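Since the structure is predicted, the reported quantities are computational estimates derived from the model, not experimental observations.
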Amino acid sequence: HVQLVESGGGSVRPGGSLRLSCAVSGDFFSIQYMGWFRQAPGKEREGIAMSYTPGGRPHYADSVKGRFTQSQDGANSVLYLQMNILQPEDTAVYYCAADQTRRGARWISLDPANFAVWGQGTQVTVS
């Protein structure tokens with residue numbers, strides 16, 4: 001049974017940086033895909049980054065491409081999101097998510113409906 005816990009959120013000035021962490025408990029190697037999502041007030045949850053956990057380059061939404069970097073530490077079962085050049089429009093609750101369904105290494109999706117396991121979220125405020 002996989003569980004996710006995010007940390008690292010906070011308040012930052014525009015142009016600043018934050019690094020989010022997502023600690024995985026349970027069988028990390030049973031996870032096929034992991035990603036980061038965010039939800040701003042009054043808006044739908046959107047996917048911003050995801051990757052094939054056994055080994056694959058992350059895929060990013062256009063809104064964060066070139067500014068955010070997803071990485072993972074399999075040995076310690078942690079997923080990271082390095083966020084640089086933060087802007088007020090990046091203000092949201094950030095969630096990590098995982099899915100154990102086998103769809104192949106080339107499968108890409110930023111649709112929250114395709115991820116079954118979610119953390120509780122961490123607030124990021126840029127102002």
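- Q120 places a side-chain N or O within donor-acceptor distance of the main-chain N or O of E6, the cut-off being under 3.5 Å.
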Please table the atom pairs, donor to acceptor, closer than 3.5 Å between any side-chain atom in residues 18-27 and protein atoms at least two apart or in another chain.
unit_1: D27; atom_1: OD1; unit_2: F29; atom_2: N; d: 3.1
unit_1: D27; atom_1: OD1; unit_2: S30; atom_2: N; d: 3.4

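- Both Y60 and L86 belong to a common hydrophobic cluster when Ile, Leu, Val, Met, Phe, Trp and Tyr are linked at side-chain heavy-atom distances under 4.5 angstrom.
- Between Q100 and Q32 the shortest heavy-atom distance is O-CG, 3.4 Å.
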Test side-chain contact (heavy atoms from CB on, under 4.5 Å) applied to V126 and E89, step by step: CA-CA 8 Å; V126 186; E89 53 266 34; over 6 Å; no

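- The side chain to side chain donor-acceptor pair (under 3.5 Å) check on Y94 picks up R38, with sequence neighbours excluded.
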In a table with atom names and distances, give each donor-acceptor pair under 3.5 Å that connects a side chain of residues 47-54 to protein atoms at least two apart or in another chain.
unit_1: S51; atom_1: OG; unit_2: Q70; atom_2: NE2; d: 2.9
unit_1: T53; atom_1: OG1; unit_2: M34; atom_2: N; d: 3.4

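- For the atom pair CD (E46) and OG (S63), the distance works out to 5.0 Å, reported to the nearest 0.5 Å.
- Side chains of T101 and D99: a donor-acceptor N/O pair is present below 3.5 angstrom, by distance only.
- Under the 4.5 Å side-chain criterion, counting only non-hydrogen atoms from C-beta, V117 is in contact with L4.
- Residues satisfying the side chain to side chain donor-acceptor pair (under 3.5 Å) test with S11, not counting sequence neighbours, are none.
- Contacts classified as ring pair (Phe, Tyr, Trp, His ring centres under 6.0 Å) and involving residues 101-121 (residues at least two apart or in different chains) are given here: Y33-W107, F37-F115, F37-W118.
- Of all non-hydrogen atoms in S109 and N114, the two that sit nearest each other are OG-ND2, 2.8 Å.
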Would you mind writing out the side-chain donor-acceptor pairs for residues 74-84 within the sub-3.5 Å range, not counting sequence neighbours?
unit_1: N76; atom_1: ND2; unit_2: D73; atom_2: OD2; d: 2.7
unit_1: Q82; atom_1: NE2; unit_2: N84; atom_2: OD1; d: 2.9
unit_1: N84; atom_1: OD1; unit_2: S17; atom_2: OG; d: 2.9

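- With hydrophobic clusters built from ILVMFWY side chains whose heavy atoms lie under 4.5 angstrom apart, L110 shares a cluster with V93.
- What you find for R67 and D90 is that their closest heavy atoms are NH1-OD2, 2.8 Å.
- Heavy-atom neighbours of E44 CD from other residues, nucleotides or ligands within 6.0 Å: at or below the threshold of 12.
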